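Quick caveat: nothing in here was measured; it's all calculated off a predicted structure.
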Amino acid sequence: MAKLDESLIAALAPFQKLDRHQIREILDQAVPKRHDEGSEIFREGEEADRFFLLLDGFVRVVRTTPTGEQVILRHIPPGQLIGIAPALGRPTYPASALSASESLTLAWPVRLWAVFLERYPGFASHAMSAMGQRFQELHDHVTELATKAVEQRVAACVLRMVNQSGRKVEGGIEIAFPVTRANIAEMTGTTLHTVSRLLSAWERDGIVESRRKHIVVTAPHRLVILSGATG
DNA sequence: GCATTAAATAGAA
DNA sequence: TTCTATTTAATGC
């Protein structure tokens, strides 16, 4: 297999402070893999033997309830580490990771986590602040689920995806990975029918434009108002 | 205000 | 065609 190019990860947050030699060491131990849209990167409950870096594409973190319902916990944008809870001491993955769009990951055996922390400057502090950020988002999300009405939750959800993955297109900002109404329902604790009705209503009001699996937000400020944002 | 059920339409494989 | 995504209406809590 051809060697991975150092430029792949040299600029990414977890590795920013490293020199070329260290980047090389890290890459030489990585296993790259391409994932088709919808394919599973790792599964909830499975032995957590690796952690990953998402190089390209988007990943959906998903839990399945005993009754078979899916809950989407979060989306991960490119450049982030995933499957790292195991590296912090869990024997199994706490959730499944699905490729939301065609994507590319690097994987390392979990025993290297401790080596990375010790050896590579900035890696540990990055990992910690990334976890802190996820906690913050989690707290916001729980509060939102507990207190907001459905329309506000769906508006906040769409905004969150736009903020993390929005790409500018003519007339607005598009969510950069495929999302269905059922997906949004799984993130917001409602039904796809309600999401469909809301998006249709917003489209009539000129706030969004959507085709199948694609959403363009044409009036983000109005979505912010609908979300009942506090900050 | 929102879920559930059901039925129709339309795009993609 | 068959499968999947989406819309829309009707009904009930």
Side-chain angles (χ1 to χ4, degrees), chain A residues 33-44 56-78 95-104 137-231:
Chain A
K33 186 166 184 192
R34 198 188 67 83
H35 305 268
D36 288 325
E37 180 178 335
S39 68
E40 196 171 64
I41 298 170
F42 53 81
R43 182 192 295 266
E44 176 179 357
D56 194 27
F58 287 86
V59 166
R60 250 195 274 285
V61 180
V62 168
R63 276 201 143 186
T64 305
T65 67
T67 55
E69 291 157 292
Q70 272 203 42
V71 181
I72 297 176
L73 301 175
R74 56 196 325 271
H75 283 98
I76 313 262
S96 300
L98 306 179
S99 187
S101 58
E102 185 181 333
S103 61
L104 182 64
E137 288 165 21
L138 182 62
H139 291 171
D140 290 347
H141 200 172
V142 171
T143 306
E144 189 182 298
L145 283 173
T147 63
K148 290 189 174 181
V150 167
E151 185 173 31
Q152 296 179 311
R153 300 207 299 268
V154 174
C157 174
V158 170
L159 281 173
R160 216 176 300 122
M161 292 188 288
V162 160
N163 285 335
Q164 228 168 19
S165 85
R167 66 158 83 110
K168 291 198 179 80
V169 294
E170 336 79 85
I173 309 174
E174 179 177 33
I175 294 171
F177 52 89
V179 231
T180 65
R181 287 142 225 247
N183 291 152
I184 294 175
E186 287 161 5
M187 291 182 254
T188 54
T190 180
T191 64
L192 76 140
H193 311 272
T194 297
V195 173
S196 174
R197 275 191 293 268
L198 287 171
L199 285 177
S200 297
W202 294 345
E203 182 135 23
R204 276 192 291 276
D205 290 345
I207 299 173
V208 302
E209 282 168 16
S210 65
R211 311 162 262 151
R212 96 174 353 211
K213 291 191 179 184
H214 288 275
I215 299 176
V216 176
V217 178
T218 51
H221 60 288
R222 297 183 59 193
L223 260 195
V224 173
I225 293 167
L226 283 176
S227 75
T230 52

Touch class at under 4.0 angstrom, heavy-atom based, for A:Leu192 against every strand present: base
Closest approach of A:Arg34 to A:Asp36 (non-hydrogen atoms, all atoms of both residues): NH2-OD1, 2.8 Å
Test item: side-chain donor near acceptor, A:Ser96 and A:Arg60, under 3.5 Å: no
A:Thr65 side chain to A:Glu69 backbone, donor-acceptor under 3.5 Å: yes
Short side-chain to backbone donor-acceptor contact, A:Thr188 and A:Ile184, under 3.5 Å: yes
Summary of protein contacts for nucleotides 2-13 of chain B, nucleotide by nucleotide, where a base hit scores B, a sugar-phosphate-only hit scores S (4.0 Å, heavy atoms): SBBBB---BBS-
Side-chain donor/acceptor of A:Arg222 to backbone N/O of A:Ile207, under 3.5 Å: no
Sidechain-backbone polar pair: A:Ser103 side chain, A:Ser99 backbone, donor-acceptor under 3.5 Å: no
Over 12 non-hydrogen atoms of neighbours within 6.0 angstrom of CZ in A:Arg43: no
Positional range of nucleotides in DNA chain C within the contact set of chain A, heavy-atom, under 4.0 Å: C:dT4 to C:dA9
Under 3.5 Å, which donor-acceptor pairs link side chains of residues 164-172 of chain A to any protein atom two or more places apart or in another chain?
unit_1	atom_1	unit_2	atom_2	d
A:Ser165	OG	A:Met161	O	2.9
A:Ser165	OG	A:Ala176	N	3.3
A:Arg167	NH1	A:Glu174	OE1	3.2
A:Arg167	NH2	A:Ala176	O	3.4

